[in-house]
Amino acid sequence: MSTTGSKRPAQVSAARRRTVVDALRRGAVPESGLDLLATGLDRFEAALDAELDAVASGGSVFKAVRGEYGSGKTFFTRWLGERAKRRNFAVAEIQISENETPLHKLETVYRRLTERLTTSSFPPSALRPVVDAWFYALEEDALAAGATEEELPGEVEKLLVARLAEVSRHAPSFATALRGHRAALADGDEATAAAVLAWLGGQPHVAASARRSAGVRGDLDHFGALGFLQGLLTVLRDSGHTGLFVVLDEVETLQRVRSDARDKALNALRQLIDEVHSGRFPGLYLVITGTPAFYDGQQGVQRLAPLAQRIATDFTTDPRFDNPRAVQIRLPGFTQESLVGLGVTIRDLYADAATSPERVRTVVDDAYVADLARAVGGALGGKAGVAPRLFLKKLVGDVLDRVDQFDDFDPRRHYKLTVASSELTDVERNLAAASADDIDLEL
C-alpha cells in the first residue's frame with residue numbers, strides 16, 4: 001500500500017458510506033465499497049483488468065496472492081471482486097478451514113461456493129435467481145427460434161441438452177437435476193423444486209423422495225464437484241453473466257492440519273490449477289490467498305513439488321518491479337506512512353457525512369491520525385503491518401464517532417488508547433506487549 005490519494009468518487013451515496021464505516025467500526029473488512037478506500041493498488045489495475053477481460057471472453061485465470069497477516073489480502077480480493085462484479089461476474093468468497101471447508105474435499109468447497117454465490121443484483125445465495133434466469137433465457141431462445149407455446153417445453157429440453165452436452169460427459173446428474181427442478185416447478189411442487197436445487201448446490205442429506213423425483217441418487221462427491229462447477233459456469237454464461245470470480249481465502253490454514261489431509265489438499269489445489277490452465281473452466285477467475293510461509297515453507301506449497309513449480313514466482317527483485325501479470329503476486333503490507341494515509345482517507349470519508357465536517361477534520365487532523373497509528377502500532381510490538389484492522393476500528397469507533405456526537409470531545413485530552421486482549425486476534429495478541437493487563441498508551 002502507499003500513501004497516494006485514493007481516487008474516491010466526488011459523490012458517495014449514504015448507503016455505500018454507511019456500509020464501509022459500519023464494517024470498520026466492527027473491525028471487519030467491508031463487503032463492498034472498497035474502491036472508496038483503495039490506495040496504492042494502481043499498479044495492479046491494468047494487469048488484473050486485462051485478466052478479467054480475458055476471462056469474460058471465455059478464458060480462465062488462476063492467481064495466487066501472498067502477504068503477511070494485516071497486509072490486506074482480504075481487502076485486495078474483495079476489491080478485485082468488486083471490479084469483477086462491475087463486469088457482470090458472479091462472485092464467491094470461501095474461507096478454507098479444516099473443520100468447515102477442508103480443501104481436500106472439493107464437494108464441500110463447491111457447496112460453500114453456491115452458498116456464498118452473489119451477483120450485482122442478488123446477495124448470497126444467488127443460485128436460485130441464476131438458475132431461474134437460465135431457464136428464462138432458454139425459453140427466450142426457443143421462442144426466438146420460432147417455437148410455439150405448445151412446442152416450448154420440448155424445445156427448452158433440447159436446448160438444455162445441447163448447452164450442457166460437454167458438462168454431461170463428466171457430470172450427467174447436473175443436467176438431470178436441472179430437469180427435475182424445472183419439472184417440480186411446472187407441477188407446482190415448490191418444496192421438491194427447492195430440495196432438488198439444494199442437491200444441485202452440493203447440499204447433503206436432501207430428502208430421498210426429492211432425489212427420486214428428479215432422477216438423481218446419493219450426494220455429490222469430490223470428483224463430481226468439478227463437473228458441477230463446469231455446469232455452473234455454463235448456466236452463469238447462458239444467463240447473462242460474463243464469468244465467475246472465486247476466492248479461496250486463508251489457504252495457509254492447510255499448514256495446521258494432519259499431514260495426510262494436508263497432502264490431499266495440496267494435491268486438490270494442484271488439480272484445480274491444472275484444470276483451470278487446461279481450459280476446462282472457461283469463465284473462471286480463481287484466486288487463493290496465503291502467507292509467505294505457506295508458499296515458501298516445507299509445510300505448505302513446497303511439500304508438493306508439482307504444485308510449487310506451477311506457482312513459482314521470482315520475488316528476489318525490488319518489490320517496485322514485481323510483475324502483476326505473474327501467477328503469484330505479493331502485497332507488501334502497510335508501513336507507518338501508508339497506514340496514516342489510509343487513516344486520513346477514512347477520516348475524510350467519515351467527515352463528508354458528519355454533523356460538522358470541518359470540526360471532524362480539524363479535531364482529528366492529520367497529525368492526530370499519525371499519533372493514533374503510531375500508538376496502535378506500538379501496542380502490537382511496533383508492527384505497523386498488522387495494525388490496520390485495530391487502528392481503523394479505534395479511529396472510527398473510539399474517536400470519530402465521539403467527535404461527531406459530542407461537541408466538547410477532544411481526543412487529545414479525553415481519550416486514552418486502551419487495547420484489551422479480548423479484542424485482539426490470535427496473531428495480534430502474540431505481537432502485543434506481554435502483559436495480562438490492558439495496554440494504556442498516552443497520545
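Just so you know, these numbers use all the heavy atoms, side chains as well, and skip hydrogens, waters and symmetry mates.
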Stepwise ring-ring contact (aromatic ring centres under 6.0 Å, His included) test for F228 and W199: CA-CA 11 Å; F228 274 40; W199 186 88; 5.7 Å; yes
Separation between CG of L127 and CG of L232, rounded to the nearest 0.5 Å: 7.0 Å
E115/Q203 under side-chain hydrogen bond (donor to acceptor under 3.5 Å, both in side chains): CA gap, chis, key distance, verdict: CA-CA 9 Å; E115 291 171 350; Q203 296 295 333; 2.8 Å; yes
R86 atom CZ, over 12 foreign heavy atoms within 6.0 Å: yes
Cationic N near anionic O, under 4.0 Å, R256 to E98: no
Check: G67 main-chain N/O paired with R330 side-chain donor or acceptor under 3.5 Å: no
Nearest non-hydrogen partners of L220 and G202, listed with the distance: CD2-CA, 4.0 Å
Interatomic distance, F281 atom CZ to L226 atom CG [nearest 0.5 angstrom]: 4.5 Å
Heavy-atom pair with the smallest gap, counting every atom of R347 and V360: CD-O, 4.3 Å
Donor-acceptor under 3.5 Å (D318 side chain, F321 main chain): no
Check: Y285 ring centre within less than 6.0 Å of F62 ring centre: no
Donor on one side chain, acceptor on other, R374 and Q336, under 3.5 Å: no
Test item: Y295 side-chain N/O and V65 main-chain N/O as donor-acceptor pair under 3.5 Å: yes
Check: F245 ring centroid to F89 ring centroid under 6.0 Å: no
Side-chain heavy atoms of E107 within contact of D221, under 4.5 Å: no
Nearest heavy-atom neighbours spanning L36 and V20: CD1-CG2, 4.1 Å
Interatomic distance, L269 atom CG to L307 atom CG [nearest 0.5 angstrom]: 5.0 Å
Candidate pair R361 and D366, rule salt bridge (Lys or Arg N to Asp or Glu O under 4.0 Å), full reasoning: CA-CA 8 Å; R361 290 188 175 91; D366 293 4; over 6 Å; no
Exam field: side chain S173 to backbone V216, donor-acceptor pair closer than 3.5 Å: no
Lys/Arg-Asp/Glu bridge criterion (N-O < 4.0 Å) met for R16, D35: yes
Under 3.5 Å: donor-acceptor pair, side chain of K73, backbone of E250: no
Heavy atoms of other groups near K393 NZ, more than 12 under 6.0 Å: yes
F44 ring center near W79 ring center (under 6.0 Å): no
Flag side-chain contact, heavy atom, 4.5 Å: P306 against L304: yes
R112 and E100: CA distance, side-chain angles, deciding distance, salt bridge (Lys or Arg N to Asp or Glu O under 4.0 Å) verdict: CA-CA 9 Å; R112 297 286 179 256; E100 298 295 325; 3.8 Å; yes
For L117 against A90, the heavy-atom pair lying closest together: CD1-CB, 3.9 Å
Within-4.5 Å side-chain heavy-atom neighbours: L48 and P324: no
P129 side chain near T119 side chain, heavy-atom distance below 4.5 Å: no
Criterion side chain to side chain contact (heavy atoms under 4.5 Å, CB included) on R87 and L52, from CA distance to verdict: CA-CA 8 Å; R87 288 168 168 77; L52 288 170; 3.8 Å; yes
Side-chain donor-acceptor contact under 3.5 Å, R262 with Q299: yes
Spatial distance of atom CG (L392) from atom CG (L342) [nearest 0.5 Å]: 5.0 Å
K63 side chain reached by I329 side chain, heavy atoms, under 4.5 Å: yes
Sidechain N-carboxylate O distance under 4.0 Å for D274, R270: yes
Given T101, T74, T253, D249, the one that forms side-chain hydrogen bond (donor to acceptor under 3.5 Å, both in side chains) with Q95: D249
Salt-bridge criterion met for D132 and R128 (N-O under 4.0 Å): yes
Residue pair D296, R66: steps toward the salt bridge (Lys or Arg N to Asp or Glu O under 4.0 Å) verdict: CA-CA 10 Å; D296 302 335; R66 67 187 276 147; 2.7 Å; yes
Partner residues of D398 under the salt bridge (charged side-chain N to carboxylate O under 4.0 Å, His left out) criterion, sequence neighbours left out: K394
Closest non-hydrogen atom pair between H181 and V196, with its separation: N-CG1, 3.8 Å
Intermediate values then yes/no, side chain to side chain contact (heavy atoms under 4.5 Å, CB included), L37 and L349: CA-CA 9 Å; L37 312 181; L349 179 68; 4.1 Å; yes
Note, R83 side chain near E45 side chain (heavy atom, < 4.5 Å): yes
Sidechain-backbone polar pair: R359 side chain, D407 backbone, donor-acceptor under 3.5 Å: yes
side-chain hydrogen bond (donor to acceptor under 3.5 Å, both in side chains) assessment of S97 paired with N99: CA-CA 6 Å; S97 67; N99 297 323; over 6 Å; no
Distance (rounded to the nearest 0.5 Å) between Q302 CD and L266 CG: 10.5 Å
For G81 against V91, the heavy-atom pair lying closest together: O-CG2, 3.7 Å
T118 side-chain N/O to F122 backbone N/O, donor-acceptor pair under 3.5 Å: yes
Under 3.5 Å: donor-acceptor pair, side chain of H414, backbone of F409: no
Results of salt bridge (charged side-chain N to carboxylate O under 4.0 Å, His left out) for R303 - residues two or more places apart only: D263
T19 side chain vs A15 backbone, donor-acceptor pair below 3.5 Å: yes
Check: Y350/D401 side-chain N/O donor and acceptor closer than 3.5 Å: yes
Pairwise side-chain contact, K264 with N267, heavy-atom cut-off 4.5 Å (strictly under): no
Step-by-step side chain to side chain contact (heavy atoms under 4.5 Å, CB included) determination, L106 to L272: CA-CA 9 Å; L106 290 180; L272 269 175; 4.1 Å; yes
Ion pair E82/K85, N-O distance below 4.0 Å: no
Under 3.5 Å: donor-acceptor pair, side chain of R280, backbone of V276: no
Spatial distance of atom CZ (R412) from atom CG (D371) [nearest 0.5 Å]: 6.0 Å
